[in-house]
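Reading through the structure tokens given below for one structure.
The sequence lines fix the lettering, A, B, ..., with proteins before strands; numbering per chain opens at 1.
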Amino acid sequence: MIDTQALRLEQLQRAGDVIRHDDFLQNPPVFIAGADVGFEQEGEVTRAAIAILRYPSLELVEYQVARITTTMPYIPGLLSFREYPALLAAWEQLQQKPDLIFVDGHGISHPRRLGVASHFGLLVNVPTIGVAKKRLCGTFAPLDSAAGALAPLEDKGEQLGWVWRSKARCNPLFIATGHRVSTASALAWVQHCMAGYRLPEPTRWADAIASRRPAFLRWLQLHPEMSP
DNA sequence: GCGACAG
DNA sequence: ATCTTGTCGC
């Protein structure tokens, strides 16, 4: 069995190492990555995809996909332990390491302040931002229906991040510091990587690659040399 | 006790 | 997350 209590204690300990302010040596970043995790073989296999985009052009310059045997079931609040092994595997395969990573999931907007974006950021020691599609914890004021509507996500007296409607008629995104990025910058960087869709480009590409979507397959046709 | 609960 | 087509709404 899994000692969930020990994992929760580990989260509390690691959360103390998360840096919640900007400490980039060079800003703005030159390469921004999007990271996404999915599953195959009825969950037996965990698949991670990382897409590297040049900033500010947002063109895809590299991507890596890693598949490993799944070791943990999905337990709300303990997601990072299930996903980080595959993320690390994909990370090791990268030729070009990014200056900033958008991780699909929460950052410090987590019950014990250690979502997958924060956990992964600590492991690779790179600035990360959590971009999630659903709330995990915290509360926020009703959001206006217009694109751009924003509300702080708060919990127990502190602001954990933002709830931001990136596009009209779409559910909002939950954006928070992962590691080495401030709450204000987390929102700004995501906003700087939008291209008309609900998700920011780094995340959108990572998802397209992991799921082998048509847009990605078409891009592959134009870049044969990029086929792994 | 009851409801909520990233991917 | 994943299984999956068409369909309703702006």
Side-chain angles (χ1 to χ4, degrees), chain A residues 2 4-5 7-8 10-12 14-15 18 34-51 65-90 101-123 128-140 144-149 153-156 160-179 186 190 196-200 202-204 206-214:
Chain A
I2 300 155
T4 59
Q5 201 50 250
L7 294 181
R8 287 178 219 282
E10 182 181 340
Q11 291 183 318
L12 288 173
R14 288 182 183 273
V18 172
D36 181 49
V37 176
F39 299 86
E40 305 174 350
Q41 320 278 337
E42 300 180 1
E44 302 291 315
V45 174
T46 300
R47 172 243 303 128
I50 295 181
V65 177
R67 281 167 231 273
I68 66 172
T69 298
T70 302
T71 57
M72 282 263 303
Y74 167 64
I75 301 174
L78 298 180
L79 178 72
S80 68
F81 293 101
R82 171 173 165 82
E83 305 195 334
Y84 85 69
L87 286 172
L88 284 181
I101 312 169
F102 287 8
V103 181
D104 192 340
H106 283 93
I108 60 173
S109 44
H110 173 282
R112 289 166 296 284
R113 312 299 185 250
L114 195 83
V116 62
S118 299
H119 196 161
F120 182 58
L122 280 171
L123 293 175
T128 59
I129 294 172
V131 179
K133 303 182 217 47
K134 293 179 181 177
R135 184 195 74 96
L136 175 58
C137 72
T139 59
F140 59 98
D144 188 86
S145 63
L153 175 65
E154 17 201 50
D155 186 39
K156 298 175 178 174
L160 300 181
W162 310 92
V163 183
W164 181 55
R165 195 181 305 285
S166 56
K167 184 175 184 184
R169 300 181 305 283
C170 287
N171 292 321
L173 260 27
F174 295 78
I175 301 163
T177 292
H179 183 46
V190 169
Y197 299 91
R198 182 196 180 202
L199 299 174
T203 304
R204 218 166 67 82
D207 181 71
I209 292 165
S211 303
R212 302 195 70 73
R213 304 218 188 289

Nucleotide C/dT2, atom P - distance to CZ of A/F39 in whole Å: 8 Å
Spacing between A/R165 atom CZ and C/dC10 atom P, to the nearest angstrom: 15 Å
Min side-chain heavy-atom separation A/L79-A/H110 under 4.5 Å: no
Sugar-phosphate, base or nothing in reach of A/L173, heavy atoms under 4.0 Å: nothing
Minimum-distance nucleotide to A/R47 side chain [options: B/dA6, C/dT2, B/dG7]: C/dT2
Rounded distance (Å) that lies between atom P of C/dT2 and atom CG of A/L79: 13 Å
Sugar-phosphate, base or nothing in reach of A/Y74, heavy atoms under 4.0 Å: base
A/F39 vs A/V45 side-chain heavy atoms within contact, under 4.5 Å: no
Any donor-acceptor N/O pair, A/Q11 side chain to A/G115 backbone, under 3.5 Å: no
Sugar-phosphate, base or nothing in reach of A/G130, heavy atoms under 4.0 Å: nothing
Nearest-nucleotide 5' precedence on DNA chain C, A/S211 against A/R169: A/S211
Atom-to-atom span, CG of A/L153 to P of B/dA6 - whole angstrom: 13 Å
Sugar-phosphate only, base, or nothing, as touched by A/R82 at under 4.0 Å among non-hydrogen atoms: base
A/K167 NZ to C/dC10 P, straight-line distance once rounded to whole Å: 15 Å
Closest contact, heavy atoms only, A/A66 versus A/A86: CB-O, 3.9 Å
Touch class at under 4.0 angstrom, heavy-atom based, for A/G38 against every strand present: sugar-phosphate
Among C/dT2, B/dC5, B/dG7, the nucleotide that comes nearest once only the side chain of A/L136 is considered: B/dC5
Gap between atoms OH and C1', on A/Y84 and C/dA1 respectively (whole Å): 20 Å
For atom CG of A/D207 and atom P of C/dT2, their distance in whole Å: 8 Å
A/K133 NZ to B/dG7 C1', straight-line distance once rounded to whole Å: 8 Å
pair A/V37-A/T46: side-chain heavy atoms closer than 4.5 Å: yes
